[in-house]
There are 2 protein chains.
Amino acid sequence: MRAPGQRAGLTRPAVVQAAREVLDDGASFSMRAVAGRLGVAPNALYSHVGGRDELLDLVLDELLAALPAPATDAPRAGLVDLMTATHDLLLAHPRLVPHFVARQGSRGPNARRLGETMRSCLVAAGVVDRGAQDTAIRVLVVHAIGNAALGVAADGAPLPADTLRATYAAGLAWLVDGALGSASAGHPHPA
Amino acid sequence: MRAPGQRAGLTRPAVVQAAREVLDDGASFSMRAVAGRLGVAPNALYSHVGGRDELLDLVLDELLAALPAPATDAPRAGLVDLMTATHDLLLAHPRLVPHFVARQGSRGPNARRLGETMRSCLVAAGVVDRGAQDTAIRVLVVHAIGNAALGVAADGAPLPADTLRATYAAGLAWLVDGALGSASAGHPHPA
DNA sequence: ACCTGAACACCGTTCAAGT
DNA sequence: ACCTGAACACCGTTCAAGT
């Protein structure tokens, strides 16, 4: 369709957008699939993106940007809302979850921002020790990602979405209660 | 080395053992790597094993068989010990963790046995509602797998093993406290 | 700078043999 | 039944062009 040297009008945002579309479609994600959607040779993507992992990181960070800022006046509820929104976001893009699992440590600016928002909630809730904040943040992030991954695992009994979200909410309440050191009753065994 | 038709003396346990060795070595896991270690053509494995996923499931289940039975007289401590042993086991075989993440639902006999052991602990601790047991089991398993996956993610700051285990222990205490509905103080913010 | 064609070094799995 | 050789349908990525 195009001779070597002819421009295709590709841009970095366009590549990221195409990657999102491939991820949200049924097809399995690959560089070649993204290129195919753009009507371009597979290696053309490397002019705009470092590689597969970087591309997935970009998609991930773009999604995280959509997370709303939690209410600052009620820190516990704000934290719960924030983590629930994160979990919902992951469930809405299941094909991204495996990559999220592998990339838990290294993240983009919006992931970093999410971490700092969580820290603010913890501070406002009275968790002043920085090490305690780090522990709480890691545990909560693991819970969100791990639970989303549980929903992705398509084997045997696929685990209904209601059950998944109820399980997540129960664990989240226990973790937040624990991290905040309060004796307030959570939501005891839902379903 | 061998003409088509010549036996190589391959057995199913030998294939599983070779897979374990490849996983615990530095090299990345592949059917071809397992076959290479056995001095056999890649497709020879399919005479003894259904495929890659089934082979990894077999390795996984063999590892889970090594988990010790927890003390039955102290249900809370037994549950904590059991989950800690599971976490340690996953940390000892990091290259298996991504597969474990993907396969959370469908498991072999020893995984099933682990689930029932957890249920027994919960019953002994006074959690009689079956739905509550299921929720607790899912949350605890997600915590163990998710935390182990966090240790595997080799990017940026690799997160020291001490920190990882301390984070796991803190989250585990919070979850067990929550699941058991007790107001007993856990281990507040370690590290 | 951007894109193509061809290629490299991999994958998991299948199929038609051979004994 | 067990194993081989060859092949199929994929991967991510690199390299040498072309404009």
Side-chain angles (χ1 to χ4, degrees), chain A residues 1-23 25-60 95-96 98-103 106 154-155, chain B residues 1-23 25-60 95-96 98-103 106 154-155:
Chain A
M1 292 275 186
R2 213 178 296 105
Q6 312 243 19
R7 315 256 155 157
L10 232 52
T11 62
R12 189 180 171 96
V15 172
V16 174
Q17 177 59 29
R20 264 182 81 156
E21 292 170 14
V22 169
L23 274 166
D25 275 12
S28 65
F29 181 85
S30 72
M31 288 292 115
R32 296 176 123 98
V34 175
R37 178 171 279 262
L38 290 164
V40 143
N43 44 2
L45 305 179
Y46 291 80
S47 296
H48 303 272
V49 150
R52 178 193 153 96
D53 284 340
E54 186 190 302
L55 178 51
L56 286 171
D57 280 343
L58 289 171
V59 173
L60 190 59
R95 312 185 70 78
L96 197 52
H99 181 254
F100 204 106
V101 170
R103 285 268 163 176
S106 78
D155 276 52
Chain B
M1 294 275 185
R2 214 176 297 104
Q6 312 242 21
R7 315 255 157 160
L10 233 50
T11 62
R12 188 180 172 96
V15 172
V16 173
Q17 177 59 28
R20 265 182 80 156
E21 292 169 13
V22 170
L23 274 166
D25 275 10
S28 64
F29 181 84
S30 71
M31 290 289 116
R32 296 174 122 100
V34 175
R37 179 171 278 263
L38 291 164
V40 143
N43 44 2
L45 304 180
Y46 291 80
S47 295
H48 304 271
V49 149
R52 178 193 153 95
D53 284 341
E54 187 191 302
L55 177 52
L56 285 171
D57 280 344
L58 290 170
V59 173
L60 189 60
R95 311 184 70 79
L96 197 53
H99 181 254
F100 204 105
V101 170
R103 285 269 162 178
S106 77
D155 278 54

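A, B, ... follow the sequence lines: proteins, then strands. Residue 1 opens every chain.
- Atom CD of B:E54 is separated from atom P of C:dT13 by 10 Å (rounded to the nearest Å).
- To the nearest 0.5 angstrom, B:Q17 atom CD is 9.0 Å from B:R37 atom CZ.
- Across D:dC2, C:dG12, D:dG12, the shortest atom-to-atom separation from the side chain of A:R52 is found for D:dG12.
- Side-chain atoms of A:F29 and A:V59, non-hydrogen and from C-beta on, never get closer than 4.5 Å to each other.
- What separates CG of A:L55 from P of D:dC11 is a distance of 15 Å, to the nearest Å.
- Here A:A41 lies in heavy-atom contact (under 4.0 Å) with sugar-phosphate atoms only.
- The partner of D:dA6, taking Watson-Crick or G-U wobble pairs whose two distances both stay under 3.5 Å, is C:dT14.
- We find the CG-CG distance between B:D53 and B:L58 to be 11.0 Å, quoted to the nearest 0.5 Å.
- For the pair A:R32 CZ and C:dA6 P, the interatomic distance rounds to 13 Å; values are reported in whole Å.
- Looking only at side-chain heavy atoms (C-beta outward), B:V40 and B:R2 come within less than 4.5 Å of each other.
- One finds no side-chain N or O of B:R7 lying less than 4.0 angstrom from the OP1 or OP2 phosphate oxygen of D:dC3.
- Rounded to a whole Å, the CG atom of A:L56 is 12 Å from the C1' atom of D:dG12.
- Look at A:R2 and you won't find any side-chain N or O under 4.0 angstrom from OP1 or OP2 of C:dC3.
- Between A:L38 atom CG and C:dC2 atom C1' the separation is 14 Å, expressed in whole Å.
- Closest approach to the B:M31 side chain among D:dT4, C:dT13, C:dC2 is made by C:dT13 (side chain taken as heavy atoms from C-beta onward).
- Of all nucleotides present, only C:dA1 satisfies the Watson-Crick or G-U wobble test against D:dT19, with each distance under 3.5 Å.
- Nucleotides D:dA9 and C:dC10 have their P atoms positioned 22 Å apart, rounded to a whole Å.
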Practice item. Apply side chain to side chain contact (heavy atoms under 4.5 Å, CB included) to B:L55 and B:M31, showing your working. Key: CA-CA 9 Å; B:L55 177 52; B:M31 290 289 116; 3.5 Å; yes
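- Protein atom CZ of A:F29 is 17 Å distant from nucleotide atom C1' of C:dC11, rounded to whole Å.
- The phosphate of C:dA1 (OP1 or OP2) has no side-chain N or O of A:H48 nearer than 4.0 angstrom.
- Of the side-chain N and O atoms in B:S30, one or more sit less than 4.0 angstrom from OP1 or OP2 of C:dC11.
- Using a 4.0 Å heavy-atom criterion, one finds that A:A8 contacts the sugar-phosphate atoms exclusively.
- Note: CG (B:L45) to P (C:dC11) measures 13 Å, nearest angstrom.
- Counting non-hydrogen atoms under 4.0 angstrom, A:G9 reaches the backbone sugars and phosphates but no base.
- Distance B:Y46 OH to C:dT14 C1': 9 Å, rounded to the nearest Å.
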